[in-house]
Amino acid sequence: MSNIVIAVVAIALFLFGILCFGLAFQVDEAWRFLTFLGGILACTAALFIPMTFIGRSNRSW
């Protein structure tokens with residue numbers, strides 16, 4: 001069950017990062033860099049979390 005929660009959180013972070021990429025061009029000039037950087041960090045975390053906490057499965061199904 002915990003793997004499912006981790007996967008849902010990772011997917012939500014990835015979608016939030018994609019949203020930040022698109023939103024970066026609609027916000028005020030002063031916030032564009034921070035919004036785009038937030039998108040990069042969210043997508044990076046979305047890829048980092050499953051690799052770290054779920055890891056590789058050695059089960060052969």
Side-chain angles (χ1 to χ4, degrees):
M1 184 65 172
S2 66
N3 289 349
I4 295 171
V5 172
I6 291 172
V8 168
V9 168
I11 291 169
L13 266 174
F14 186 76
L15 292 176
F16 176 73
I18 297 296
L19 178 72
C20 284
F21 290 148
L23 190 64
F25 296 103
Q26 297 175 3
V27 296
D28 191 30
E29 183 83 29
W31 293 99
R32 284 185 184 172
F33 172 72
L34 291 177
T35 307
F36 197 81
L37 182 65
I40 291 174
L41 292 176
C43 287
T44 302
L47 295 175
F48 175 75
I49 288 172
M51 289 189 292
T52 303
F53 294 111
I54 295 175
R56 189 177 127 191
S57 175
N58 291 330
R59 288 184 267 174
S60 59
W61 290 30

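The model shown is predicted, which means the values in this text are computed figures rather than measured ones. Computation of the quantities below employed the complete heavy-atom set of this structure, encompassing side-chain atoms and omitting hydrogens, waters and symmetry-equivalent molecules.
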Please work out whether the ring planes of F36 and F25 are parallel, tilted or perpendicular, with thresholds of 30° and 60°. perpendicular

Rounded distance [0.5 Å steps], OG1 in T44 versus CZ in F14: 10.0 Å

Any chain of hydrophobic side-chain contacts (each under 4.5 Å) joining L41 to L13? no

Do V27 and F33 share a hydrophobic cluster, counting only Ile, Leu, Val, Met, Phe, Trp and Tyr and linking them when any side-chain heavy atoms are less than 4.5 Å apart? yes

Smallest heavy-atom separation, A10 atom then A46 atom, equals O-CB, 3.2 Å

Out of curiosity, I18 CD1 to L23 CG, how far, rounded to the nearest 0.5 Å? 13.0 Å

Please answer: with hydrophobic residues joined when any side-chain heavy atoms are less than 4.5 Å apart, are L19 and F21 in the same cluster? no

Heavy-atom side-chain proximity of C43 to F16 below 4.5 angstrom: no

Considering only residues two or more places apart or on different chains, which pairs with a residue in residues 30-40 satisfy side-chain hydrogen bond (donor to acceptor under 3.5 Å, both in side chains)? E29-R32

For a quick test of reading the model, state the closest non-hydrogen atom pair linking G17 to A42 and the distance between them. CA-CB, 3.9 Å

